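Handing you this structure, nothing more for now.
What you see is a predicted model; the values in this text were computed from it and never measured. Quick note on labels: first sequence line is chain A, next is B, and so on, each numbered from 1.
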There are 2 protein chains.
Amino acid sequence: MQISSRFTIAVHVIICIEAFKDTHKVTSEFIASSVNVNPVVIRRLLQQLKKAGIVEVRRGSGGADIARPLDEITLLDVYNAVESVDNGILFHFHENPNPLCPVGRNIHAIMDSRLQEIQNAMEAKMRAMTLREIMEDANRLLEL
Amino acid sequence: MQISSRFTIAVHVIICIEAFKDTHKVTSEFIASSVNVNPVVIRRLLQQLKKAGIVEVRRGSGGADIARPLDEITLLDVYNAVESVDNGILFHFHENPNPLCPVGRNIHAIMDSRLQEIQNAMEAKMRAMTLREIMEDANRLLEL
DNA sequence: GTCGATGTATCAAAGATGATTACAACGACA
DNA sequence: TGTCGTTGTAATCATCTTTGATACATCGAC
């Protein structure tokens with residue numbers, strides 16, 4: 001099972017907002033045409049990013065801005081803003097292991113800390129990547 | 001989006017096979033009652049684990065065994081056996097970014113290596129956890 | 001040949017995703 | 001103040017994935 005495209009789209013959205021902030025009014029429709037999805041999908045994502053304090057969106061006049069310095073936004077912030085489900089637990093556990101079986105009774109005690117450790121490793125990597133680094137790479141490519 | 005319960009169920013299945021190998025015939029029905037799912041779900045999982053060389057399943061007489069030493073089976077082996085989709089790519093990318101937009105044209109170049117790095121961190125953790133360690137923890141709990 | 005179990009097809013139910021339409025509310029500006 | 005472009009959001013739909021469930025041919029041991 002894969003992590004949904006909302007995450008990669010969200011990064012795409014942020015890069016667009018930053019890259020075109022001086023030359024275009026970056027509306028949901030503008031972003032949607034770069035990502036190639038429906039504008040409503042972008043608006044919904046922008047709402048999630050706004051709730052997380054990552055972007056600001058202007059009603060009426062239209063357009064969006066980044067809400068805080070790029071080096072204070074990590075990929076984990078973006079991920080949690082748009083993907084987080086069920087208290088941010090990555091691994092879905094089968095719901096009702098049989099308490100009458102010794103294994104069923106103890107499977108959580110056996111696995112929970114390990115699953116958490118795996119998730120921590122992934123999140124640590126994401127936390128170490130800031131939008132600033134990503135934007136620097138992007139600018140290098142966009143200028144060519 | 002969460003990783004499906006197939007992964008945690010698969011680990012549960014393996015622990016059951018190992019824990020009860022001397023005292024029960026470990027059939028799909030037996031395992032299903034510990035996990036609390038339909039036996040067919042277990043049989044499908046056993047097929048995936050068998051294809052990965054992790055378990056052996058006996059037709060006719062019934063029952064399953066672990067196919068190789070527990071310290072040569074990692075959580076990553078189990079994960080790949082039952083969850084792997086789309087060449088093992090964890091992050092689903094939006095399909096058709098606009099090649100006429102500089103950002104759309106370069107989004108893969110900007111993100112692919114970073115996404116891979118995140119996935120690598122997660123897989124490295126899983127590779128470092130063997131079924132042997134897990135079984136040792138399990139035995140400690142099951143004996144109480 | 002019987003019997004219990006596996007291997008697998010098929011269908012249904014439920015949940016998530018993303019596309020799309022529609023429209024009220026908003027803010028800037030003439 | 002009224003127009004206009006845009007956002008915020010609801011509603012609906014098709015599609016996909018997961019899981020549950022039934023059914024049954026096939027297998028291996030006895």
(message) Under a 3.5 Å threshold, yes or no: a donor from one side chain and an acceptor from the other, between S5(A) and H92(B)?
(response) no
(message) Show me the pairs that pass ring pair (Phe, Tyr, Trp, His ring centres under 6.0 Å) and involve residues 120-142 of chain A, at least two apart or across chains.
(response) none
(request) Verify the cluster assignment for V40(B) and V35(B): are they in a single hydrophobic cluster under the rule of side-chain heavy atoms below 4.5 Å apart? (result) no
What does the list of N/O pairs under 3.5 Å between the protein and nucleotides 19-23 of chain D look like, with a distance for each?
unit_1, atom_1, unit_2, atom_2, d
dT19(D), OP1, S5(B), N, 3.3
dT19(D), OP1, S5(B), OG, 2.4
dG20(D), N7, R44(B), NH2, 3.4
dA21(D), N6, R44(B), NH1, 3.3

(message) What is the separation between atom CD on Q2(A) and atom P on dA16(C), rounded to the nearest whole Å?
(response) 17 Å
(request) Report, as a single string ordered 5' to 3', how protein heavy atoms within less than 4.0 Å touch nucleotides 24-30 of chain C: B base, S sugar-phosphate only, - not at all. (result) -BBSS--
(request) Check whether any side-chain N or O of D77(A) sits under 3.5 Å from a backbone N or O of T74(A) as a donor-acceptor pair, and report yes or no. (result) yes
(request) Among I134(A), L45(A), I14(A), find the residue that satisfies the side-chain contact (heavy atoms from CB on, under 4.5 Å) test when tested with V78(A). (result) I14(A)
(message) For a quick test of reading the model: is some side-chain N or O of T27(B) closer than 4.0 Å to OP1 or OP2 of dA5(C)?
(response) no
(message) Can you measure L46(B) atom CG to dA5(C) atom C1' for me and round it to whole angstrom units?
(response) 12 Å
(message) If the condition is ring-ring contact (aromatic ring centres under 6.0 Å, His included), which residues does F91(A) pass it with, not counting sequence neighbours?
(response) F7(B)
(message) Can a donor-acceptor pair be found, under 3.5 Å and without considering hydrogens, that links the side chain of S34(A) to the backbone of I31(A)?
(response) no
(message) Please list all pairs meeting salt bridge (Lys or Arg N to Asp or Glu O under 4.0 Å) that have one or both residues in residues 100-114 of chain B, counting only residues at least two apart or in different chains.
(response) D137(A)-R114(B)
(message) Strictly by ring pair (Phe, Tyr, Trp, His ring centres under 6.0 Å), give each pair with a member in residues 27-57 of chain B just once, sequence neighbours left out.
(response) F20(B)-F30(B), H24(B)-F30(B)
(request) Using atom CG of L49(A) as one end and atom P of dT7(D) as the other, report the distance to the nearest whole Å. (result) 14 Å
(request) Identify, residue by residue, the members of residues 99-108 of chain B with a heavy atom below 4.0 Å from DNA chain C, and return them in order of residue number, or none. (result) none
Donor-acceptor list for residues 54-64 of chain A side chains, cut-off 3.5 Å, not counting sequence neighbours:
unit_1, atom_1, unit_2, atom_2, d
R58(A), NE, G62(A), O, 3.3
R58(A), NH1, D65(A), OD2, 2.2

(request) Could you tell me which residues satisfy side chain to side chain donor-acceptor pair (under 3.5 Å) with S4(B), sequence neighbours excluded, listed by chain and number? (result) E83(B)
(request) Quickly work out the R58(B) CZ to dC30(D) C1' distance and round it to whole Å. (result) 16 Å
(request) Scan for salt bridge (Lys or Arg N to Asp or Glu O under 4.0 Å) pairs involving residues 39-53 of chain A, sequence neighbours excluded, and state none if there are none. (result) none
(request) To the nearest Å, give me how far apart CD (E56(B)) and P (dG28(D)) are. (result) 14 Å
(message) Using a 4.0 Å cut-off on heavy atoms, which residues in residues 12-20 of chain A reach DNA chain C? List them by number, or say none.
(response) none
(message) Enumerate the salt bridge (Lys or Arg N to Asp or Glu O under 4.0 Å) contacts for residues 10-29 of chain B, please, sequence neighbours excluded, ordered by first and then second residue.
(response) E18(B)-K21(B)
(request) For F7(A) and dG18(C), give me the distance from atom CZ to atom C1', rounded to whole Å. (result) 19 Å
(request) Please check the phosphate of dT8(C) (OP1 and OP2 only) for any side-chain N or O of Q47(B) closer than 4.0 Å. (result) yes
(request) Counting heavy atoms from C-beta on, name the nucleotide in dG8(D), dG7(C), dA5(C) closest to the side chain of V57(A). (result) dG8(D)
(message) Using every non-hydrogen atom in the two residues, find where V103(B) and L142(A) come nearest and quote the distance to one decimal.
(response) N-CD2, 4.0 Å
(message) Can you work out whether S28(B) or P39(A) has the more 5'-proximal nearest nucleotide on DNA chain C?
(response) S28(B)
(request) Round to a whole Å and report the spacing from CD1 of I3(A) to P of dA16(C). (result) 16 Å
(request) In whole angstrom, give the distance that lies between atom CD1 of I31(B) and atom C1' of dA5(C). (result) 12 Å
(request) Indicate whether OP1 or OP2 belonging to dT7(D) is found under 4.0 Å from a side-chain N or O atom of K50(A). (result) no
